[in-house]
Asks: 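Mind having a look at this structure? Questions to follow.
Reminder, nothing fancy here: chain letters follow the sequence lines and each chain counts from 1.
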Protein chains: 2
Amino acid sequence: MEEILPHLDSVFSIDCVLFGFDGKEVKILLIERNEEPFKDWWALPGNIVGADESLDQSAARILYELTGLRGIYMEQYYAFGDPNRHPQGRVITLAYYALIRLGGDKEPRPISTYAKRANWMPITDLPKLAFDHQKIYDKGLEKIKRRIKHQPIAFELLPEKFTLTQLQHVYELILGKKLDKRNFRKKIVSFGVLKELDEKQKGVSYRAATLYRFDKRKYAKLFGKEISF
Amino acid sequence: MEEILPHLDSVFSIDCVLFGFDGKEVKILLIERNEEPFKDWWALPGNIVGADESLDQSAARILYELTGLRGIYMEQYYAFGDPNRHPQGRVITLAYYALIRLGGDKEPRPISTYAKRANWMPITDLPKLAFDHQKIYDKGLEKIKRRIKHQPIAFELLPEKFTLTQLQHVYELILGKKLDKRNFRKKIVSFGVLKELDEKQKGVSYRAATLYRFDKRKYAKLFGKEISF
DNA sequence: ATATAGTGTGTAATTTTTACACTAAGTAAT
DNA sequence: ATTACTTAGTGTAAAAATTACACACTATAT
């Protein structure tokens, strides 16, 4: 139930944890603030929700403004609204995470006014974050860990064609633990959402691995079935 | 007559899906609106987030005002913010669900201004809901289904002392499917969070079942381990 | 005493998960 | 062309978890 009350001066924003994977490391995109409060601190990218935007649209816009990317997998995961989380007033923020394959053209653009610059930072070595952004990040990572066990979202971090070792690598980095190669392959293949290609990895100085593709059609059919690691 | 809308970027509210169980049915608490828009429609209880309230506090307040209950298990689960979800302006709402044991003194109180009355309605037979509240409810049920499979929240719907059959009943109602009695008991007991009491059910005209209690201490120790149905 | 209604229990078959190590294939250096 | 190097790719046996399934027990009511 909602009523329109005249007294509010609360601000509603969206903050994004943009997870990226470059083949080596999992990173998130942080911006260096150019404004008080927390000037010169690193922070999660975020913005006020526009008057005519849906929440998803707003999140997508923030991502687009920062990276030039569209059509990225994003998911709302938690609202943070402690009355004191923002030193200058009441700001309720809704957190989204996104999964992005890095490399090539997908570097963040040089940025708007409120940030000096943006950087992909490895999640293994993050700076102190502004506001309650550490908490927001932590919860995001937790959510994504849970999610990756049950839904095939790891593909979103990989190029269209990838090897099973790369896929396993993503799982290991996000879950923060080693997985057994044979069991991993057995399981991931058994879900039947991978399409083995007639193509091999290129440019490696050892035996080239077979490339696979995520098969969205097959996945759609399975939907509802859960997977688990 | 046209209402004059304050000039606001957005209004931020909380809506609650209060799940209750009376031993027979799973119900949710709905209010009958006494104001436009959607006057005379049934709706989820909700309210604007107060200036000095955290989100959890706000949800707890809404629940308290309606039921007089405190200390109830509540969980934030999703924000709804379609620009047109409220006919009179932009209202972003954050949804919470709660789990409540019904019976005895826990009936909803007669209500404040915006609602004529409040009623526990069985989820198997809900009326048309105001705004996008059907969507909010659907998502809440979905979340709770997932949650009940992985965390011992079903206890929140039961009295302190309960029988295994009652517990199974709750699972069946929420998951929407029958479970095997022997397997259910085997599994739920194996988690080790139930304490068998020296007491039997009373007032039944057949063999009385043993009563159990949920053991929070044991649960705290297990935490992190997931359960699954 | 008998009918009734729900309680409480075990096992075998199947499926899933886990642990574990070597050969194959390609590249690079000599 | 031989060798060294590096990662790809594969199977099996043991253990654990899940499933399917039916009947005797116990308390009450008549």
Asks: Taking the ring of A/Phe162 and the ring of A/Phe155, is the distance between their centroids below 6.0 Å?
Replies: yes

Asks: Output the rounded distance in Å from CZ (B/Arg207) to P (D/dT26).
Replies: 6 Å

Asks: Answer yes when B/Arg213 and B/Glu160 have at least one side-chain N-carboxylate O distance shorter than 4.0 Å, and no when they do not.
Replies: yes

Asks: Specify the separation, in whole Å, of atom CD of B/Gln201 and atom C1' of C/dT7.
Replies: 9 Å

Asks: What's the CG-C1' distance between B/Asn183 and C/dT15, to the nearest Å?
Replies: 14 Å

Asks: Classify B/Thr210 by what it touches in the nucleic acid, base, sugar-phosphate, or nothing, heavy-atom distance under 4.0 Å.
Replies: sugar-phosphate

Asks: Nearest whole Å is fine: how far is D/dT18 C1' from B/Phe191 CZ?
Replies: 12 Å

Asks: Measure NZ/A/Lys181 against P/D/dT10 and give the value in whole Å, please.
Replies: 10 Å

Asks: Pick base, sugar-phosphate or nothing for A/Thr165, based on heavy-atom distances below 4.0 Å to the nucleic acid.
Replies: sugar-phosphate

Asks: In whole Å, I'd like the distance from the OH atom of B/Tyr206 to the P atom of C/dG8.
Replies: 10 Å

Asks: Does the Lys NZ or Arg CZ of B/Lys139 fall within the cation-pi geometry relative to B/Tyr78 - under 6.0 Å from the ring centre and within 45° of the axis?
Replies: yes

Asks: In whole angstrom, what separates B/Lys200's NZ from D/dT28's P?
Replies: 11 Å

Asks: Compare side-chain N and O positions of B/Arg182 against OP1 and OP2 of C/dG8 and report whether any pair is under 4.0 Å apart.
Replies: no

Asks: Which of these nucleotides, C/dC20, D/dC21, D/dG9, is closest to any side-chain atom of A/Arg185?
Replies: D/dG9

Asks: Report yes if a side-chain nitrogen or oxygen of A/Ser205 is closer than 4.0 Å to either non-bridging phosphate oxygen (OP1 or OP2) of C/dA28; otherwise report no.
Replies: no

Asks: Does a salt bridge link A/Asp22 with A/Lys27, judged by any charged N lying under 4.0 Å from a carboxylate O?
Replies: yes

Asks: Quickly work out the A/Phe184 CZ to D/dG9 P distance and round it to whole Å.
Replies: 13 Å

Asks: Look at all strands and tell whether B/Lys186 reaches a base, only sugar-phosphate, or nothing, counting heavy atoms closer than 4.0 Å.
Replies: base

Asks: Is the ring pair B/Tyr219/B/Phe214 parallel, tilted or perpendicular, if the boundaries are 30 and 60 degrees?
Replies: tilted

Asks: With sugar-phosphate meaning primed atoms plus P, OP1 and OP2, does A/Lys187 contact a base, only sugar-phosphate, or nothing at under 4.0 Å between heavy atoms?
Replies: sugar-phosphate

